[in-house]
Amino acid sequence: GENVEQHPSTLSVQEGDSAVIKCTYSDSASNYFPWYKQELGKRPQLIIDIRSNVGEKKDQRIAVTLNKTAKHFSLHITETQPEDSAVYFCAASKRGGGNKLTFGTGTQLKVEL
Amino acid sequence: GAVVSQHPSWVICKSGTSVKIECRSLDFQATTMFWYRQFPKQSLMLMATSNEGSKATYEQGVEKDKFLINHASLTLSTLTVTSAHPEDSSFYICRPSGSSDTQYFGPGTRLTVL
């Protein structure tokens with residue numbers, strides 16, 4: 001089955017700096033890659049996603065890039081703010097979001113003032 | 001995004017009792033329901049997948065007789081933790097899926113077994 005690895009497990013940045021979280025996947029048939037933000041005690045919230053026919057997608061301060069050949073995708077957050085502090089999970093699926101999602105191990109992002 | 005509710009949001013029970021968790025998709029028909037479990041500081045682990053009107057498919061290592069899943073309608077699925085023990089204490093989250101791609105989770109249920 002699919003295996004998703006995520007790095008780093010913790011990331012500390014200064015407010016205003018950029019943060020990058022990287023994930024790799026094993027199943028070349030995976031074609032949908034969402035990113036979730038989870039605050040303590042709450043549900044994961046979808047923040048951005050990308051499909052395999054696209055190499056990059058951007059939404060304001062958040063962007064995701066996908067390299068199908070290398071089977072890795074990354075989350076980029078620019079101009080980080082304290083409210084960006086949370087745990088971020090990447091995931092992979094073979095057929096849109098309606099199908100089974102395999103999650104990475106998570107990255108604890110801390111944005112320091 | 002999809003509107004998903006879960007009940008209860010938190011529950012504390014004694015060891016040996018059973019707990020039922022409900023997940024409702026309020027604005028679309030959920031033909032499939034994914035149930036996840038999340039231990040503190042860990043990732044989401046898929047427990048089982050259920051299709052409306054069918055038996056659930058459990059992931060390896062998940063006891064089907066302990067975690068009973070019912071998906072009798074397109075808007076409601078239930079997870080019952082039978083004979084709960086302290087090691088079952090966790091955050092249980094559902095994710096419904098319908099005719100269109102859905103990536104939205106229920107708000108979760110925090111289970112604490114004493």
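Throughout, a chain's letter reflects where its sequence line sits, starting with A, and its residues are numbered from 1.
- With respect to chain B, the highest number of heavy-atom pairs below 4.5 Å among A/Lys42, A/Gln38, A/Gln45 belongs to A/Gln38.
- A salt bridge links B/Arg24 to B/Glu22: at least one charged side-chain nitrogen sits closer than 4.0 Å to a carboxylate oxygen.
- For B/Leu44, the parts lying near chain A are the backbone and the side chain together; criterion is any non-hydrogen pair under 4.5 Å.
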* Asked: Step by step, would you call A/Arg61 with A/Asp84 a salt bridge (charged side-chain N to carboxylate O under 4.0 Å, His left out)?
  -> CA-CA 11 Å; A/Arg61 296 187 297 110; A/Asp84 294 329; 2.9 Å; yes
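- Annotation: side chain of A/Leu46 is not in contact with side chain of A/Ile48 (no heavy-atom distance under 4.5 Å).
- Only the backbone of B/Gln42 comes within contact range of chain A, with heavy atoms under 4.5 Å apart.
- For B/Gln60, no part lies under 4.5 angstrom from a heavy atom of chain A.
- Among B/Phe67, B/Tyr92, B/Phe105, the one residue that satisfies the ring pair (Phe, Tyr, Trp, His ring centres under 6.0 Å) test with B/Tyr36 is B/Phe105.
- The candidate from B/Gly108, B/Pro40, B/Gly106 with the greatest count of non-hydrogen atom pairs under 4.5 Å with chain A is B/Gly106.
- The most heavy-atom pairs under 4.5 Å with chain B, out of A/Gly106, A/Ala91, A/Pro44, A/Pro34, come from A/Pro44.
- A donor-acceptor distance shorter than 3.5 angstrom exists from the side chain of A/Asn67 to the backbone of A/Ala70, with no hydrogens or angles considered.
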